[in-house]
Q: 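Here's a structure for you.
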Amino acid sequence: MSPTSYTLTPGESSNSASTSSPYSPNPNPHKDSHNHSHPILHLHQAQSQSQITDKSQRSRDGCLTCRSRKVKCNEERPICDKCRIKSRECLWPSGDESERRRNKKRRSTNTPDGISMSTPNKKPSQPSRLSSIELKPILPSSTSLHPGIVHIPPNFLPPDALKNKNGTGNADGTLNGDLVDWLVPDKARAGLMMDPSFLEPYFPTVDERLVIRHYLSKTVHIIIAFESNHRPWNPWITVHAPLAFKHLPGTNPAADALRSAILAVGGVHLTYSTNPNDQAAAWRITKSAKVKVLNLIRQTLEDKDGKPKVLEKENIELVLAALLSCTIASSLAADDSWHHLLSSVLSLIDQLGGAQNILQDAPRDRLSPYRFFMEQLAIRDVFGCMTTELAPSILQDAFTPWFFEAESWSRSDFEWESVERMFGISRGMVDMISRACNLIASVRALNRHLPELALPTLDPSLASLHKASSELMSELKIWDEAENFTPLHPRTQYGNHSYKHAIRIRMLRKVYNIPSDDQRVVSSSQAIIELAGEMLALYGKITWLTWPILIAGFEIPPSHPSRRTALDMLGAFGPHACFDNRAAARMLSDYWMWHDMDGDHATSWEVARTLNQRPFLD
């Protein structure tokens with residue numbers, strides 16, 4: 001055991017200093033006696049030796065940088081003086097390591113002049129007072145930072161981050177947004193989602209994975225009007241499909257309903273691709289899917305006692321997505337259940353306060369699921385009214401605000417052109433079709449037609465209806481001139497012109513009761529056939545153009561060659577079609593048979609009702 005000695009401290013007498021301790025014998029009495037005779041000198045020497053020891057002693061509680069350099073650290077956090085002066089990175093151990101070192105017993109350290117300091121196993125009866133003499137700490141300079149406070153250096157954020165923090169576009173045309181918005185390229189999204197290891201937790205059976213892969217690779221492309229190879233964008237992949245992967249099976253009934261509805265859409269199209277004549281198999285799919293989806297949605301909307309639940313935003317999105325997909329599956333299969341499904345989702349929207357109320361909190365820097373579903377359901381409601389001849393439920397008024405407000409905040413053409421890309425027509429044209437459907441439903445409810453010219457003897461109750469009809473016909477006349485100043489995609493222009501002629505035919509025939517051999521009806525019918533032929537030659541498909549071809553075909557006289565052309569176009573959809581296009585061709589042939597026998601007395605709606613042919617057509 002090495003000898004231990006206690007050094008004289010100020011205020012201690014020479015007698016007390018010479019008293020030896022059994023724990024600390026004095027190996028050098030002569031030197032110790034010399035120190036006792038000069039206590040102040042001894043204090044000066046002890047302080048000098050302490051300074052020498054401080055310079056060479058390795059820091060134990062200091063920063064890691066000073067420890068590695070084996071220099072004394074003043075333990076100033078977050079940057080010690082030595083690291084600050086030398087501009088080094090000041091690294092500190094974790095709290096646990098620092099505490100461990102702080103409690104670690106020090107080994108004995110010999111000073112250069114033979115003075116030895118150590119911590120014995122037992123605490124001395126009279127501890128040394130040397131620890132009470134503390135050196136004055138070195139105060140941090142004015143540039144030192146307060147522990148826990150970090151000041152952002154100048155130019156820390158790039159100018160674009162401060163200039164466009166609201167999510168608007170940059171001057172160079174680039175876009176800002178959340179990081180997750182730009183992680184996955186649109187071209188790669190579908191391929192990544194089709195990875196079997198990714199699909200397996202959400203679609204556990206092999207058949208489910210096969211169908212969902214067909215849906216993501218094939219089906220999503222037949223329910224959109226056109227896609228750009230230069231800027232690919234398909235909201236069925238980017239907006240709709242990701243919702244199916246939010247919850248594992250059995251954890252959320254609304255998510256289970258959505259997956260079942262998507263599988264129904266993919267299954268119907270896969271059946272058509274395999275055997276276009278096996279419509280009965282498609283009906284079996286839609287019938288079973290409808291029962292399963294509606295039961296799961298009921299579990300989402302009600303508790304076990306049948307009391308309505310308070311829906312969260314996420315569940316509302318999932319319910320709308322499931323009902324939308326189930327409606328699409330029914331329309332592709334050309335069965336009549338689409339009308340019941342669409343009525344169910346429209347009733348849900350009405351209970352939620354309407355589309356405007358649902359979208360009031362929707363984000364305005366991207367096409368949110370809410371807005372995508374509202375647009376899809378509103379437009380499909382309008383197209384459904386062309387079959388039922390009822391008034392639309394969502395777009396009830398002209399220029400509905402929420403339907404057009406995207407123009408004021410859209411940061412790219414994706415938000416504003418979501419309707420154009422999905423349906424091949426502009427928002428303005430959808431509004432005109434909706435108003436025409438409202439007028440036709442009103443005239444049909446009155447069971448009387450309107451005169452083209454306002455007569456003095458016109459019933460006052462028909463004045464407002466006649467005014468609205470005249471204004472719509474005037475808009476159709478100036479539509480061609482307005483289109484020349486609208487920078488729309490050529491595919492959208494083809495769609496707008498085709499539906500413009502279709503609206504004119506329906507207004508003349510159903511509102512004003514103009515005969516089918518009127519020159520305006522004949523010229524519009526021929527224009528639709530020509531436009532459809534040009535578009536088929538340019539794009540190879542005429543998705544979302546079934547109704548104009550059908551409306552024009554209804555007015556083609558017997559033995560006219562355009563009849564054959566119309567049927568060939570409906571059959572030319574090929575791989576871009578489904579059972580609904582075959583139903584349209586069958587509906588047109590049956591109408592011609594009835595019309596040729598009964599002349600101009602059998603209207604298309606009456607024939608469809610008689611033959612129980614009321615498919616949803618695009």
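All heavy atoms count here, side chains included; hydrogens, waters and symmetry mates do not.
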Q: Tell me, which pairs form a salt bridge (charged side-chain N to carboxylate O under 4.0 Å, His left out) where one or both residues lie in residues 458-470, sequence neighbours left out?
A: R448-D459
Q: Quick one: closest heavy-atom pair of A552 and I529, and the distance?
A: CB-CD1, 4.3 Å
Q: Parallel under 30°, tilted from 30 to 60°, perpendicular over 60°: which one fits the rings of W544 and F616?
A: perpendicular
Q: Of the options I358, N357, L359, which is the one that meets W402 in a side-chain contact (heavy atoms from CB on, under 4.5 Å)?
A: L359
Q: What pairs with Y494 under ring-ring contact (aromatic ring centres under 6.0 Å, His included), at least two apart in sequence or on another chain?
A: none
Q: Would R563 and D596 count as a salt bridge (Lys or Arg N to Asp or Glu O under 4.0 Å) if you check the C-alpha gap in whole Å, the side-chain angles of each, and the deciding distance to 0.1 Å?
A: CA-CA 13 Å; R563 281 193 172 186; D596 294 347; 3.0 Å; yes
Q: Taking all heavy atoms of L216 and all of A190, pick out the closest pair and write down the distance.
A: O-CB, 4.0 Å
Q: Applying ring-ring contact (aromatic ring centres under 6.0 Å, His included), name anything that partners Y202, two or more places apart in sequence or on another chain.
A: F198, F245
Q: Please enumerate all residues that pass ring-ring contact (aromatic ring centres under 6.0 Å, His included) together with H466, with sequence neighbours excluded.
A: none
Q: For L453, does the CG atom sit with more than 12 other heavy atoms under 6.0 Å from it, leaving out its own atoms?
A: no
Q: Tell me, please, which residues at least two apart from Y512 pass ring-ring contact (aromatic ring centres under 6.0 Å, His included).
A: none
Q: Side chain to side chain donor-acceptor pair (under 3.5 Å) with S498: which residues, sequence neighbours excluded?
A: none
Q: Is there a donor in the side chain of N496 and an acceptor in the side chain of S426, or the other way round, less than 3.5 Å apart?
A: yes
Q: Take L311 and V319 through the test side chain to side chain contact (heavy atoms under 4.5 Å, CB included) and record every step on the way to the result.
A: CA-CA 10 Å; L311 294 181; V319 168; 5.5 Å; no
